[in-house]
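To start, the structure itself, in structure tokens.
Everything quoted here is computed from the prediction, not taken from an experiment. As the structure lists them, so they are numbered: ligands from 1, and atoms in each ligand from 1.
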Amino acid sequence: MWPWLDRGGRFSPLKSVVFALLWAPGLWLAWRLAAGQLGPRPTNEVILHTGLWTIRLLLLSLAVTPLRQLLRWPQLVTVRRMIGVAAFAYGAAHLTAFAADKAFDLGVVATEIVSRVYLTIGAVALAGLTALAATSTDRMVRRLGGRSWRRLHRLVYAIGILAAVHFFLQSKLNVAEPIVMAGLLAWLLGYRLLPEAGGQPLRRLTQIAGLSLLIGFLTLGGELAYYWLAFHADLQRLLAAAFSLKAGIRPGWIVLAMGALVTALTATRTAQRRAKAAVARPA
Ligand code: HEM
């Protein structure tokens, strides 16, 4: 089935737009590579960009379920598989670029992967993504049976954690982006652990607000703890930096802002539903 068609074979604008957007970063990168715009170490730039897109798309695929449920937008599920497969494709390109950097000497590639922990972790994550992509077709869903398929695809949570650790470990001094990713991943995993709201939108809204505050402040605290433990930085100065814009917006604030946005969207949806229900109720 073509990626821009829905299950009934009709053209789907949502799937088409997402499909085109998934190609965009790869094509843009290929174009810059061909035009010699990637600086003195182009292969390294390709490794970094493809790695970033792999983890971004992995998180985006995990964001589909909360967005679908909170925004009451069931059609979103139709693009989840496509986003997951794209994450795998960027991951495969990431490994290919790494192999290109080693002149495709597979012995060297394997030795490096085995001897450096962050690469071993990345390789396990990629092996997991490969298993998920290989079993993402309708035929494989039927062959495995819905239950086993769902159980296998829960691997995505562990893959997300491994990817975040790989990202964190390969960062040298600036760990801001890996911490943002870890915070967002923690929110997405935390969402799955929320207790049932029993069909009560207000209870769900409170849970979302609570989760967003908790993960946002844990992210802020996590970054402070990292610099304090790893570099014995002065705690007072770290705290001052967390509340100033001089060192850039800290990851915790970005995660809090994302949480606030999701909470606001959920609140708007809840208010709309309540208004609709009030109109429908006979006087
Ligand atoms: C066999 C598998 C993998 C190998 C060999 C590998 C290798 C690498 C290497 C060499 C770097 C650059 C390190 C540096 O320049 O110091 C890197 C960075 C990165 N990798 Fe991987 N990786 C693998 C799998 C993955 C997977 C599965 C993901 C995500 C799901 C991922 C995400 C990233 C990210 C986000 C970066 C950092 C990009 C940046 O700093 O801009 N990698 N990886």
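Legend: residues meeting side chain to side chain donor-acceptor pair (under 3.5 Å) with T65, ordered by chain and number and at least two apart, are R80. For R10, the side-chain contact (heavy atoms from CB on, under 4.5 Å) criterion is met by D6, not counting sequence neighbours.
Relative orientation of the F19 and W23 rings is perpendicular, given thresholds of 30° and 60° on the angle between their planes.
Tracing side-chain contacts under 4.5 Å through hydrophobic residues (I, L, V, M, F, W, Y), one never reaches L76 starting from V85; they form parts of separate clusters. No continuous path of hydrophobic side-chain contacts links L106 to V108 [ILVMFWY only; heavy atoms under 4.5 Å]. No continuous path of hydrophobic side-chain contacts links W4 to L21 [ILVMFWY only; heavy atoms under 4.5 Å]. F98 and F104 are assigned to two separate hydrophobic clusters, defined by single-linkage of ILVMFWY side chains at heavy-atom distances under 4.5 Å.
Less than 4.0 angstrom separates some heavy atom of N44 from each of these atoms of ligand 1: 15 (O). Against a heavy-atom cut-off of under 4.0 Å, A163 is close to the following atoms of ligand 1: 29 (C), 30 (C). Atom numbering of ligand 1 starts at 1 in the shown order; those under 4.0 Å from a heavy atom of A123 are 1 (C), 2 (C).
Of the protein's non-hydrogen atoms, the one nearest atom 16 (O) of ligand 1 is K172 NZ, 2.3 Å. Atom 39 (C) of ligand 1 has its closest protein heavy atom at L48 CD2, 3.6 Å.
Less than 2.8 Å away from atom 21 (Fe) of ligand 1, the protein contributes these N/O/S atoms: H94 NE2, H166 NE2.
Within the structure, side chain to side chain donor-acceptor pair (under 3.5 Å) pairs that include any residue of residues 41-52 comprise T50-H94 (at least two apart or interchain).
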